[in-house]
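For reference, the structure discussed in these notes is given below.
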Amino acid sequence: MFSEPDDPVVVDRMRAARAVAGAALGAVPSSQVPGGTREAWGWRGRTLGGPAIGPYGPGWLRVVHSPVEKAGGKLWTGPEDAERLVPLRVPRPRLHLVRQWAEGEDAYRAELYDFVTGGAVSPSPVLTEVPRLTATWWSGLRTALVCLSTVRTERTAVSQAYLDRAMPKYLAFLGVPVPTAPPHGPPRTATCTGPISQGPD
């Protein structure tokens, strides 16, 4: 999550787009959802999300912006592709509704997800302390990653050429070849939720 953009034009444009998205998807910010009307900004104001009440109950409304000529491709359709391709056994907020529209040279995409009630494993992508996660949590993560490894896609998070070059360079100290699985983007602690143990597990 990033700070609100410094450019007031971007802030106003994205808030207006979020209002349009909410009306189109029947989702409105509500104090009934944990977090109420808080805003979650993406890099340079490219995305704006927040809790909302919608046709599926508590949800998360996210709006993505792109210049019209760049609206498309894996960054644009990734959430829909994941919803379609990833097995239901992989826990995640489900994507319920999507709408796209353009205003002049600006393209927008609205996405309405389930609301996630669990806390993030870490408040940031960089761990500053060891999270105290339960054995059940780790087992669930392993199961989800095995399920995820079966997904066939043309999308590339990390190229095989990079892995072929980097694995020997950084893991040569192991003294054995390192097997690789189909590369998916790595899970990040700031986007993983789960029960935190109160002590050793």
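Quick caveat: nothing in here was measured; it's all calculated off a predicted structure.
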If you count the non-hydrogen atoms of other residues, nucleotides and ligands that lie under 6.0 Å from CG in Asp6, is the total more than 12?
no
Shared-cluster residues of Val68, by chain and number - hydrophobic side chains joined below 4.5 Å
none
Inspect the contact between Asp81 and Arg84 and indicate whether a charged nitrogen and a carboxylate oxygen are less than 4.0 angstrom apart.
yes
Determine whether Arg44 and Val10 make a side-chain contact, defined as any pair of heavy atoms from C-beta on separated by less than 4.5 Å.
no
Non-neighbouring partners of Trp76 that pass ring-ring contact (aromatic ring centres under 6.0 Å, His included), sequence neighbours left out:
none
Spell out, as yes or no, whether a donor-acceptor pair under 3.5 Å connects the side chain of Arg92 to the backbone of Val86.
yes
Residue set satisfying side-chain contact (heavy atoms from CB on, under 4.5 Å) with Ala166, at least two apart, ordered chain then number -> Tyr162, Tyr170
Contacts of type side-chain contact (heavy atoms from CB on, under 4.5 Å), residue Val146, not counting sequence neighbours
none
Applying side-chain contact (heavy atoms from CB on, under 4.5 Å) to Val28 and not counting sequence neighbours gives none
Is atom CZ of Arg89 surrounded by more than 12 heavy atoms (other residues, nucleotides or ligands) closer than 6.0 Å?
no
Assert yes or no for the condition that the ring centre distance of Trp101 to Tyr108 is strictly below 6.0 Å.
yes
Would you say the side-chain atoms of Gln100 pair up with the backbone N or O of Arg109, donor to acceptor, closer than 3.5 Å?
no
Mind checking who shares a hydrophobic cluster with Tyr56, ILVMFWY linked at side-chain heavy-atom distances under 4.5 Å?
Leu25, Leu61, Leu97, Leu112
Lys/Arg N to Asp/Glu carboxylate O, Glu39 vs Arg18, below 4.0 Å:
no
Please check this pair: side chain of Arg46 against backbone of Trp41, looking for a donor-acceptor N/O pair closer than 3.5 Å.
no
State whether the side chain of Ser139 and the backbone N or O of Ala135 hold a donor-acceptor pair below 3.5 Å, judged by distance alone.
no
